[in-house]
Amino acid sequence: YYITNNLSFKTMAPKIRVPANFGIEHINSEVHGNLVLKLKDGQEIKTNSMIMSLNSPVIDNLTTNMFQSTLEMDDFTKPAVDCFVEAMYSGEVDKLEKGIFEDVNKMAHVFDVSWLTKRCIKFYKTDVLQFENTSYDDILFACEIASKAHYILKQSYYVRLFVGNIASREISKPIFLQRYMADFVVLSKRQIDMSLAVAGKDSNLVINILINHVARTFKCKKLDENSIYVLEHFNVQKFRQNFPIDFNAMASFLTEVADVSESSEVKDIVKNVAETSCGNECSSSTDDVKDSEMDCDESDFEENADCNEVEHGWSQPVHSKEYSFLDGESVQLLTTDNVLNGDFQLFYTLSGQRGSGRKVFGIRCENAELSQWSYVIGGCNENNWNKQFLNNVPPDKVKNWIITKTSTHLKVVCNTVTVLNFIFATDCDADKIDGGKVWSGKPKSVQLEHRGYPSLIIRTKTT
């Protein structure tokens, strides 16, 4: 009658509302344990098909319509399966804890136990998201739970809960993402997607980490798979709207990468970014760059590879190396983080120089959160840090510095903002009135020294 009339088991079964207490003492009953759950290592749990079916329409279909008397549960740990079965029998989740939460939540989803799915969400909110002293390990655990729930089970609600909790607790997204994405090259696509979700509107946080990574690892004129994935999946339009300065710095940086890249995929991605920066009214200069037949293996991406060239025009600075100047050139530097007490100093050799030795200009980050930077100009002001300060330095982590010295002044532009315009004739300290004469010569070459900026790169740029 049941089969020929195609009636569901639940139509025939008593109308019992679940969750309900059927008595956990009946688990593994020899009398009515007609549905066997097979676990790892040959372990078994005997359950009643009616009790399990009342809770799960999936199990209802498997046992009633497909006549299954066993279920393979070897994807889950035994403590998690015990918790799941006891929940079906008792209507409670007394055994649910963090260590088995992921498996229990997965079983609730796979077997469509709607009430248990809701209990798992409640547990995630009340237990998993209650970080003790904002411990990174606790935050990481909650993050991974949310990420896997979304990636494997398509439960996006967990991601929204995690991101909302981070915001409500005022947990620093930059600090968390710096640690979460530290091993950038080995991140899974799931973790990159989660990083973008955590960043949200602050997509510059992920892009800054990306640029830092590329600056350190771009050894063989290629981008690694994760760098390409980020560039393909973040919202370029919103990034441009919300962070125009960071966007322009990124577009300039990536265009330089594409100019020497051997990958047509990289060229296409950078072309899209460049077109966005031009309002889709111009095309990338990378169209004319032809692919090279040269190939390279994974060792070319090792940080200790014998290759200092980062990209055309840019290079990682070599200690004591002299960079020659053409008349009218500036020094351009790219930094990818605000490093407390991190400094870089330019030692100029000037034509017609009066006195002996090199002339130094340096800047140092005194307060990373406030983006406060001090500077020194040798022979013009006090030769100590934290005395003279740059004005209105943008807080962006990625900073494109352009330093221009003429016979009359020294100008520093950071992300299009003029942060210093030092006039030698008027701005020197009272006891250093000859400073202007010292600095009046045209720059012939410059050497760069720095501390705290392993990914800093340099190029000279015609103004």
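Just so we're clear, the structure is a prediction, and the values are computed from it rather than from any experiment.
- Looking at Lys95 and Glu97, no side-chain N of the basic residue comes within less than 4.0 Å of a carboxylate O on the acidic one, giving no salt bridge.
- Residue Lys122 qualifies as open at atom NZ: its count of foreign heavy atoms under 6.0 Å is 12 or below.
- Screening residues 138-161 for ring-ring contact (aromatic ring centres under 6.0 Å, His included) gives Tyr124-Tyr158 as the qualifying pairs, with residues at least two apart or on separate chains.
- Applying the side chain to side chain donor-acceptor pair (under 3.5 Å) rule to Glu72 yields no partners; only residues at least two apart in sequence or on another chain are considered.
- Asn208 contributes a side-chain N or O that, together with a main-chain N or O of Asn204, makes up a donor-acceptor pair within less than 3.5 Å.
- In terms of heavy-atom proximity, Leu96 sits nearest to Cys83 at N-SG, 3.5 Å.
- Side-chain atoms of Thr117 come within 3.5 Å of backbone N or O of Val113 as a donor-acceptor pair.
- With Tyr229 as the aromatic partner, Lys189 meets the cation-pi criteria of under 6.0 angstrom to the ring centre and within 45 degrees of the ring axis.
- Residues Ile100 and Thr77 form a side-chain contact, since some pair of their non-hydrogen atoms from C-beta on lies under 4.5 Å apart.
- The minimum heavy-atom distance between Leu187 and Asn226, with the atom names listed, is O-ND2, 3.0 Å.
- For the pair Ser135 (side chain) and Asp137 (backbone), a donor-acceptor distance under 3.5 Å is present.
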Item to check | Arg190 vs Ser147, side-chain hydrogen bond (donor to acceptor under 3.5 Å, both in side chains): CA-CA, chis, key distance, verdict | outcome: CA-CA 7 Å; Arg190 169 184 64 79; Ser147 175; 3.0 Å; yes

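- Ring centroids of His213 and Phe184 are separated by less than 6.0 Å, placing the two rings close together.
- For Lys201, the salt bridge (Lys or Arg N to Asp or Glu O under 4.0 Å) test picks out no residue, with sequence neighbours left out.
- With hydrogens and angles disregarded, a donor-acceptor distance shorter than 3.5 Å links the side chain of Asn55 to the backbone of Met88.
- Here the shortest heavy-atom pairing between Gln178 and Ile209 reads NE2-CG1, 4.0 Å.
- Residues Cys428 and Phe422 have side chains in contact (heavy-atom distance under 4.5 Å, counting atoms from C-beta outward).
- For Phe76, there are no ring-ring contact (aromatic ring centres under 6.0 Å, His included) partners at least two apart in sequence or on another chain.
- The CD1 atom of Ile145 lies 12.5 Å from the CG atom of Leu161; values are rounded to the nearest 0.5 Å.
- Side chain to side chain, Thr418 and Asn421 fail the donor-acceptor criterion of an N or O pair below 3.5 Å.
- Here the shortest heavy-atom pairing between Ser374 and Glu366 reads OG-OE2, 2.6 Å.
- Among all heavy-atom pairs drawn from Gln241 and Pro244, the shortest one is O-CD, 3.9 Å.
- Put simply, the side chain of Gln372 does not reach to within 4.5 Å of the side chain of Cys365, judged on heavy atoms.
- Scored by the ring-ring contact (aromatic ring centres under 6.0 Å, His included) test, Phe111 finds Phe84 as partners (sequence neighbours excluded).
- Between the side chain of Arg119 and the backbone N or O of Gly91, at least one donor-acceptor pair lies under 3.5 Å.
- Residues that satisfy the side-chain contact (heavy atoms from CB on, under 4.5 Å) test with Asp112, not counting sequence neighbours, are Pro57, Val58.
- Two residues are said to be in side-chain contact when any heavy atoms from C-beta on lie closer than 4.5 Å; Ile402 and Val331 fail this criterion.
- Atom OG of Ser188 is separated from atom NZ of Lys148 by 9.0 Å, given to the nearest 0.5 angstrom.
- For Asp202, the salt bridge (Lys or Arg N to Asp or Glu O under 4.0 Å) partners two or more places apart in sequence, or in a different chain, are Lys173.
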Checklist entry - Given the rule in the side chain to side chain contact (heavy atoms under 4.5 Å, CB included) test, do Val206 and Val230 qualify, once you have shown the distances and angles that lead to the verdict? => result CA-CA 8 Å; Val206 173; Val230 171; 4.1 Å; yes

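- Between Arg451 and Asp343 a salt bridge is recorded (basic side-chain N to carboxylate O distance below 4.0 Å).
- Remark: the backbone N or O of Val186 is not paired with any side-chain donor or acceptor of Asp183 at under 3.5 angstrom.
- With sequence neighbours excluded, no residue satisfies salt bridge (Lys or Arg N to Asp or Glu O under 4.0 Å) with Arg169.
- Evaluation of the salt bridge (Lys or Arg N to Asp or Glu O under 4.0 Å) rule for Lys411 yields no partner, not counting sequence neighbours.
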For residues 382-391, run the donor-acceptor check on the side chains, cut-off 3.5 Å, and write out each pair with its distance to 0.1 Å, sequence neighbours left out.
| residue | atom | partner | partner atom | Å |
| --- | --- | --- | --- | --- |
| Glu382 | OE2 | Asn384 | ND2 | 2.9 |
| Gln388 | NE2 | Tyr375 | O | 2.9 |

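- Remark: the backbone N or O of Asp431 is not paired with any side-chain donor or acceptor of Asp429 at under 3.5 angstrom.
- For the pair Phe131/Asn165, a side-chain contact is recorded, criterion being any heavy-atom separation below 4.5 Å from C-beta on.
- Not less than 6.0 angstrom separates the ring centroid of Phe361 from the ring centroid of Trp439.
- Judged as a ring-ring contact (aromatic ring centres under 6.0 Å, His included), and not counting sequence neighbours, the contacts of Phe101 are Phe123.
- In this structure, the side chains of Leu448 and Leu346 come closer than 4.5 Å at one or more pairs of heavy atoms.
- Ring centers of Phe176 and Tyr180: under 6.0 Å apart, within the cut-off.
- Counting only heavy atoms from C-beta outward, the side chains of Ile207 and Ile211 approach each other to under 4.5 Å.
- The side chain to side chain donor-acceptor pair (under 3.5 Å) search around Glu102 returns none, not counting sequence neighbours.
- Looking at every heavy atom in both residues, Val419 comes nearest to Cys414 through CG1-CB, 4.1 Å.
- With 3.5 Å as the limit, one finds no donor-acceptor pair spanning the side chains of Gln130 and Asp138.
- Residues Ile139 and Ile171 form a side-chain contact, since some pair of their non-hydrogen atoms from C-beta on lies under 4.5 Å apart.
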